[in-house]
Amino acid sequence: MVLLLLAAACAPTEDSGETAALPPADIREVQPPAEQEDDPDILVPFLSPMPALTLTLPTEGAAYFEVRAFDLESGTPWMGAALAVRDITSDATVLMLPRVPPRRDRAHSVGGNVVYAVALRAEAAGGRPGLYTGIAPQRLVYLQTDPPEGAALGWNLALRTEDGVRWAPLAVGLALENNLLGAESLDYGGGTSVGIEPGMHMDLATEDDVTAFDLPLAPEWSVGVPYAPPAEAYTEVEPLGSVLALYAYLDADGDNRRTGEEILGRACYAGYEARATWFDSPYDLLGALALENVGARAGWGVAIDTERGLVPLPDDAAERLVLMGACD
């Protein structure tokens, strides 16, 4: 059973993939580096075609795409050097893969199989790849032995779903989006079913009552926060950031802060409690995968807290929240 890893790194080093812009009139096979050609441990037919993966890429918000191996199942999280890192020059490209993964990646494989993440990165100072802006939900997996049903020996695409792992051949291709980017400021709002009286306040705070923002409550309310939460509101594990609830309370002592007052309402959407999230931008693959794992984005975002974890809300939904006594 192949274990796919859903939670997550950094500066590109070695590079062994080759690309060709689409639409190519004649894609030529490019031989991988010598260390990947003839491996005494893996037999590959000499005349077998070079594996190729078609990538659909965004033309804004990212400057590079990257393919990098990782392993989170063996105890200590590990990430490999970049198998490929290329600047984005068109909205589609073909990545020529080596016939077998490099030995350095196979050394950290799970059950003899190697798992790669395909990600997007912005440009940093000096023209080098910087923060991660997106990651494909599918993993690029090299199966060395005992392929499960729906997969084949060699390179495959795999997507983890609620029903298990869905396998696909490389010919299906991958589409990448800038799905790790949130907003620079928090802007959300809505209405209330909680009775409004003088002294009612809204408190944007963590579950252990670290307040990030507090202001008087109005029937049609909105919250705009142009800065990051205080450091004491950060989580203690990856990804680094905050998950904040919005509470309504009566500020009985008039000190403009919630100090033990009863919570009268909380922000809700579609029967779930809405959370504001703020996370640091990931500059390594482990951080990017951690963000993906909790369903959050770098910067500000608004999500609902479901049985499957945080589910980000679109911008228009984040402006239609309701303060209620209970969300269910």
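Heads up: numbering here begins at 1 and tracks the sequence.
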Gap between atom [atom2] of [Y] and atom [atom1] of [X] - 0.5 Å precision:
X	Y	atom1	atom2	result
Thr93	Met96	OG1	CE	10.5 Å
Met324	Ser193	CE	OG	4.5 Å
Ser222	Met202	OG	CE	7.0 Å
Asn179	Leu120	CG	CG	7.5 Å
Asp187	Asp315	CG	CG	9.0 Å
Ile263	Asp209	CD1	CG	6.5 Å

Could you check whether any side-chain heavy atom of [X] comes within less than 4.5 Å of a side-chain heavy atom of [Y], counting everything from C-beta outward?
X	Y	answer
Asp280	Pro239	no
Asn293	Leu289	no
Leu323	Leu264	no
Val118	Leu176	yes
Asp91	Leu57	no
Val322	Tyr269	no
Pro169	Asn156	no
Val141	Trp167	yes

Task: Residues Arg275, Val243; criterion side-chain contact (heavy atoms from CB on, under 4.5 Å); working and verdict - done: CA-CA 6 Å; Arg275 308 281 190 174; Val243 178; 4.0 Å; yes
- [ ] Quick one: do Asp253 and Thr259 satisfy side-chain contact (heavy atoms from CB on, under 4.5 Å)? Show the steps, please.
- [x] CA-CA 9 Å; Asp253 56 9; Thr259 51; 3.4 Å; yes
Quick check: closest heavy atoms across [X] and [Y], and the distance to 0.1 Å?
X	Y	result
Ala122	Tyr64	O-CD1, 4.1 Å
Ala124	Gly130	CB-CA, 3.7 Å
Ala69	Leu285	O-CD2, 4.3 Å
Gly265	Val194	CA-CG2, 4.0 Å
Gly191	Glu220	CA-OE1, 4.3 Å
Pro137	Leu159	O-CD1, 3.6 Å

Just checking [X]: does its [atom1] atom have more than 12 heavy atoms from other residues, nucleotides or ligands closer to it than 6.0 angstrom?
X	atom1	value
Glu261	CD	yes
Asp87	CG	yes
Arg257	CZ	no
Glu184	CD	no

Going only through I, L, V, M, F, W and Y residues with side-chain contacts under 4.5 Å, is there a path from [X] to [Y]?
X	Y	result
Met200	Tyr247	no
Leu215	Leu244	yes
Leu250	Leu246	yes
Leu95	Val114	yes
Phe279	Val225	no

Task: Residue that, paired with Tyr116, satisfies ring pair (Phe, Tyr, Trp, His ring centres under 6.0 Å) out of Phe65, Tyr142, Phe70, Trp155 - done: Trp155
Open item on the list: Between Thr56 and Leu174, is the side-chain contact (heavy atoms from CB on, under 4.5 Å) condition met? List the steps.
Closed with: CA-CA 6 Å; Thr56 303; Leu174 282 183; over 6 Å; no
TODO: May I have the step-by-step check of side-chain contact (heavy atoms from CB on, under 4.5 Å) for Val223 and Leu321, ending in yes or no?
DONE: CA-CA 11 Å; Val223 175; Leu321 308 181; over 6 Å; no
Task: Pair Arg258 + Asp251, salt bridge at N-O below 4.0 Å - done: no
Open item on the list: Salt bridge or not between Glu292 and Arg139? Use side-chain N to carboxylate O under 4.0 Å.
Closed with: yes
TODO: Keeping to residues at least two apart or across chains, list the ring pair (Phe, Tyr, Trp, His ring centres under 6.0 Å) pairs with something in residues 170-204.
DONE: Tyr188-Trp221, His201-Tyr249
Open item on the list: Looking only at side-chain N and O atoms, does Thr133 offer a donor or acceptor that is under 3.5 Å from a partner on Asn178?
Closed with: yes
- [ ] Determine whether the side chains of Asp208 and Thr206 contain a donor N or O and an acceptor N or O closer than 3.5 Å.
- [x] yes
TODO: Look at the side chain of Arg68 and the backbone N and O of Ala117, then say whether any donor-acceptor pair between them is shorter than 3.5 Å.
DONE: no
Sequence neighbours left out, cut at 3.5 Å: what donor-acceptor pairs do the side chains of residues 300-309 make with other protein atoms?
residue : atom : partner : partner atom : Å
Trp300  : NE1  : Tyr227  : O            : 3.2
Thr306  : OG1  : Arg308  : N            : 3.1
Thr306  : OG1  : Gly309  : N            : 3.4
Thr306  : OG1  : Gly309  : O            : 2.7
Glu307  : OE1  : Tyr272  : OH           : 3.4
Arg308  : NE   : Glu162  : OE2          : 3.3

